[in-house]
Asks: 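Pasting in a structure now, in structure tokens, and then I'll have a few things to ask.
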Amino acid sequence: DLSVQQLGSIYERLLEFELVRDESGAVDIRPNIFARKNSGSYYTPDDLVLLILDETLEPLIADAHDGFAAALASVKGGDSEDYTLTQLQKADPAKAITRLRVCDPAMGSGHFLVSLVDRLTNHALDAIAEAAALVRDKLGLEYESPVSEEVRKVRATIRGNAQDQGWTVSEEQLDDPQLVKRMVLKRCVYGADKNPMAVELAKVALWLHTFTVGAPLSFIDHHLAAGDSLFGLWVRDAIDKAGQSGELLYIEELRTAERQAATMQRIEALTDAEIAEAHSSAEMWRDVEFQVGPFDSFVSFMHALDWLNIPRAQRPLITQWLDGGFGDPLPIARGKREPEAYRAKPEEAEAFHAIWKAARELIEEERFLNWQIAFPGVWKNWASQGLDGGFAAVVGNPPWDRFEFEEVPWFEARDASIALAPSGAKRKAAIKVLAKADAPLWAAYQKAMTRIGLAAKQAKGRFIYSRLNSGKLNLYKLFVERAHQLVKPDGMVGLLTPSGIASDLSSSSFFRAVATGGHLKAFYDFENRRTRYRLEPFFPDVDTRFKFAAMIASPSRRFAAAQCGFFLQATAERANA
């Protein structure tokens, strides 16, 4: 009986606490107001979610209908009925809609994804009816969408299994909307989050929302990833960093990983209408993970070496590792074996061991997400100079936090006495006491500062980001740039961000290029307060004077005009834009 809104509320509150073990070994629960901020996890009101989805999906849905209309217009009078219907089915709008790939790279508890399932389902059902009516009116033929045909087969399978097992299944549980939802969930919905608990809760929300009595829960692990959406390498970049030394190492592993796209297609083709299919999906996905694992580890290891900023004198050790000087390079990158003096001096092996240990720790804690490898099939030709492929759309509400270490909230979650010191000088003095005592909290403090510094250096390095990484870093700006990397050139990006994406000096060149290039579809600027309607703010925990915006744009698709509105206090006000 839980709705996704209730699950989101539970998720928010869970993130405000953490499990800790005291010196005696006892486990306790304590508040941690920094935990939610650290994981970048937020919950978005439903009306803002639907606004983002509707505006972002609109051009993609129009493409599906336009493609079918073009196919219908090209029908020749002399063609046979079977040939005509077969050709039309290839351009079927519902089929095109249920093949869209849409991703939320900061999915939290899955609110955007659950609503996405509903929106795409409704569009697919409308397309089924509209296509049948168009063919009947123009050609006088009875047309059935391939999606309808598939739904009918799934319904028959579930009903047959229920009869065999003696289960009670009502017809309303097997209606078209419910079964199309399952199809959309398995094929269209993608998401990622750095917080593993968020990924698990998103699965639960999606399962509850698409549950069908008589059928197993759909397998969705292949489209939901636990990892840092902002950090990880494109395959070409990892290859270039390895250079010639790594060519023999990665070439076969790359080909093996790329071949998993075919397996992903087979997983997505299964309807999971019965338990055997769900098990088959899971088994195939485990095989995909096994096949891509070595290459994924190699790419992550190359990225970790960037973070470590290895001194020039030690860089030849990386070449030795790639050349097999410390043993088989791939198992070492995966952490399956430790480096040793295989064809190297003991002191070289010892020096590389320290690098290897630090890199492995980074990989495990930061959870780098190498997008092409995490989602085989979304991109092709991984080793090509430019990205080939991408999502049809990226949507969501990424975290809005500054990309810097905040000392007071960090200590508030761990030692409130330091955080509540009456002055900055007193706080610094208390921190010095920790340093002198070499306390575990001091080591954790040093590590946290170092880690955020390494991440900020990567973000500012102009290797991963180059358009929205100037000035003071903010997570939402990096997500905006990442989203434009993740979609196809004609794909759509719909994100909820602070209004600074259009007004800040550091993002002005990016926004100017998008807006003046005709790539901006809509920009709706909201006030957090809703005094005109006597309602509580959109985000109660955020200052009522704060302003945020729904920005919908595309890397290369052009729009005749952009819809804009400012100082809005309700989504319905955009009708006046």
Asks: With rounding to the nearest 0.5 angstrom, report the CG to CD distance, L475 to E404.
Replies: 10.5 Å
Asks: What's the shortest heavy-atom distance between D193 and A106, and which atoms?
Replies: OD2-C, 3.7 Å
Asks: Can you name the nearest heavy-atom pair linking N195 to M197, along with the distance?
Replies: OD1-N, 2.9 Å
Asks: Taking only residues at least two apart or on different chains, which pairs with a member in residues 303-312 satisfy side-chain hydrogen bond (donor to acceptor under 3.5 Å, both in side chains)?
Replies: K241-D306, H303-W307
Asks: Begin from the C-alpha positions of Y190 and L224 and carry the test side chain to side chain contact (heavy atoms under 4.5 Å, CB included) through to its verdict.
Replies: CA-CA 6 Å; Y190 291 76; L224 302 180; over 6 Å; no
Asks: Mind jotting down which residue pairs meet the side-chain hydrogen bond (donor to acceptor under 3.5 Å, both in side chains) criterion with at least one end in residues 452-464? Sequence neighbours excluded, please.
Replies: none
Asks: L322 and A242: which non-hydrogen atoms are nearest, and at how many Å?
Replies: CD1-O, 3.7 Å
Asks: Under the side chain to side chain donor-acceptor pair (under 3.5 Å) test against E348, which residue among Q314, Q320, R343 passes?
Replies: Q320
Asks: Test of understanding: with side-chain contact (heavy atoms from CB on, under 4.5 Å), list the residues that count as partners of A282, not counting sequence neighbours.
Replies: F219, R286
Asks: Only one of F352, W356, W321 forms a ring pair (Phe, Tyr, Trp, His ring centres under 6.0 Å) with F326, so which one is it?
Replies: F352
Asks: Would a line drawn from the ring center of W400 to the ring center of F479 be shorter than 6.0 Å?
Replies: no
Asks: Do I552 and V493 have side chains that approach each other closer than 4.5 Å (heavy atoms only, starting at C-beta)?
Replies: no
Asks: For W379, enumerate each residue passing the ring-ring contact (aromatic ring centres under 6.0 Å, His included) test, keeping only those at least two apart in sequence or located in another chain.
Replies: W234, F391
Asks: Can you check whether W382's main-chain N or O pairs, donor with acceptor, with E258's side chain at less than 3.5 Å?
Replies: yes
Asks: Got a sec, which residues hit side-chain hydrogen bond (donor to acceptor under 3.5 Å, both in side chains) with N381, two or more places apart in sequence or on another chain?
Replies: D388
Asks: For F290, does the CZ atom have more than 12 heavy-atom neighbours from other residues, nucleotides or ligands under 6.0 Å away?
Replies: no
Asks: Check the pair R259 / T256 against side chain to side chain donor-acceptor pair (under 3.5 Å), numbers first and verdict last.
Replies: CA-CA 5 Å; R259 284 196 293 267; T256 299; 3.2 Å; yes
Asks: Side chain of R414, backbone of W410: donor and acceptor closer than 3.5 Å?
Replies: yes
Asks: If only atom types and distance count, is the side chain of W285 paired as donor or acceptor with the main-chain N or O of T263 below 3.5 Å?
Replies: no
Asks: State which residues pass side-chain hydrogen bond (donor to acceptor under 3.5 Å, both in side chains) with H353; sequence neighbours excluded, sorted by chain then number.
Replies: E338
Asks: Within this structure, what is the OG-CZ distance for the pair S507 and R467, rounded to the nearest 0.5 Å?
Replies: 11.5 Å
Asks: Kindly determine whether V292 and E253 satisfy side chain to side chain contact (heavy atoms under 4.5 Å, CB included), including the steps that lead there.
Replies: CA-CA 8 Å; V292 304; E253 301 299 339; over 6 Å; no
Asks: If you round to the nearest 0.5 Å, how far is CG of L468 from CD1 of I501?
Replies: 5.0 Å
Asks: Just jot down the ring-ring contact (aromatic ring centres under 6.0 Å, His included) partners of F295, sequence neighbours excluded, or say none.
Replies: F298
Asks: Has E340 got a side-chain atom pairing as donor or acceptor with A349's backbone, closer than 3.5 angstrom?
Replies: no
Asks: Donor-acceptor pair, distance only, cut-off 3.5 Å: does the side chain of R101 make one with the backbone of V189?
Replies: no
Asks: Looking at D296 and I373, would you say the former's side chain and the latter's main chain have a donor-acceptor pair under 3.5 Å?
Replies: no
Asks: Just grab all the ring pair (Phe, Tyr, Trp, His ring centres under 6.0 Å) pairs involving residues 483-508, residues at least two apart or on different chains.
Replies: H484-F510
Asks: Is any side-chain heavy atom of V102 less than 4.5 Å from a side-chain heavy atom of L53?
Replies: no
Asks: Does R187 reach the side chain of R99, with side-chain heavy atoms less than 4.5 Å apart?
Replies: yes
Asks: Where is the tightest heavy-atom contact between I332 and R360, given as atom of each residue plus distance?
Replies: O-CD, 4.3 Å
Asks: Taking the side chain as every heavy atom from C-beta outward, state whether R334 and P294 have any atom pair closer than 4.5 Å.
Replies: yes
Asks: Identify, with sequence neighbours excluded, every residue that meets ring-ring contact (aromatic ring centres under 6.0 Å, His included) alongside Y476.
Replies: none
Asks: Which pair of non-hydrogen atoms, one from D272 and one from S281, has the smallest distance, and what is that distance?
Replies: OD1-OG, 3.0 Å
Asks: With side chains defined as the heavy atoms from C-beta onward, is the minimum distance between S297 and K336 less than 4.5 Å?
Replies: no
Asks: Run the side-chain hydrogen bond (donor to acceptor under 3.5 Å, both in side chains) test against S506 and tell me which residues pass, sequence neighbours left out.
Replies: K477
Asks: With sequence neighbours left out, what residues match F411 under ring-ring contact (aromatic ring centres under 6.0 Å, His included)?
Replies: Y445
Asks: Provide the full list of salt bridge (Lys or Arg N to Asp or Glu O under 4.0 Å) pairs with a residue in residues 418-432, sequence neighbours left out, each pair given once.
Replies: E407-R427, E407-K428
Asks: Does the separation of the ring centres of F546 and F539 fall below 6.0 angstrom?
Replies: no
Asks: Please report the closest heavy-atom contact between A550 and I52, naming both atoms and the distance.
Replies: CB-CD1, 3.6 Å
Asks: Go through the steps to decide whether E350 and K345 satisfy the test salt bridge (Lys or Arg N to Asp or Glu O under 4.0 Å), and finish with yes or no.
Replies: CA-CA 9 Å; E350 184 178 354; K345 298 175 182 178; over 6 Å; no
Asks: To the nearest 0.5 Å, what is the distance between OH (Y465) and CG (L230)?
Replies: 4.0 Å
Asks: Check whether S218 reaches the backbone of I220 with its side chain - one donor and one acceptor, N or O, closer than 3.5 Å.
Replies: no
Asks: So, applying side chain to side chain donor-acceptor pair (under 3.5 Å) with E268, which one of H223, K186, H222 is it?
Replies: H223
Asks: For a 4.5 angstrom cut-off between non-hydrogen side-chain atoms, does F403 reach N474?
Replies: no
Asks: Any sub-3.5 Å donor-acceptor pair from H111's side-chain atoms to T44's backbone N or O?
Replies: yes
Asks: Check whether any side-chain heavy atom of L387 lies under 4.5 Å from a side-chain heavy atom of Q372, and answer yes or no.
Replies: yes
Asks: So how far is it from R557 CZ to K488 NZ, rounded to the nearest 0.5 Å?
Replies: 10.5 Å
Asks: Could you check whether any side-chain N or O of R367 sits under 3.5 Å from a backbone N or O of P196, counting only pairs where one atom can act as donor and the other as acceptor?
Replies: no
Asks: Looking at G491, is its backbone amide N or carbonyl O close enough to the side chain of S554 to form a donor-acceptor pair, meaning the two atoms are under 3.5 Å apart?
Replies: yes
Asks: Roughly how far, to the nearest 0.5 Å, is the CG atom of L270 from the NE2 atom of H279?
Replies: 13.0 Å
Asks: Any side-chain heavy atom of I355 sitting closer than 4.5 Å to one from I310?
Replies: yes
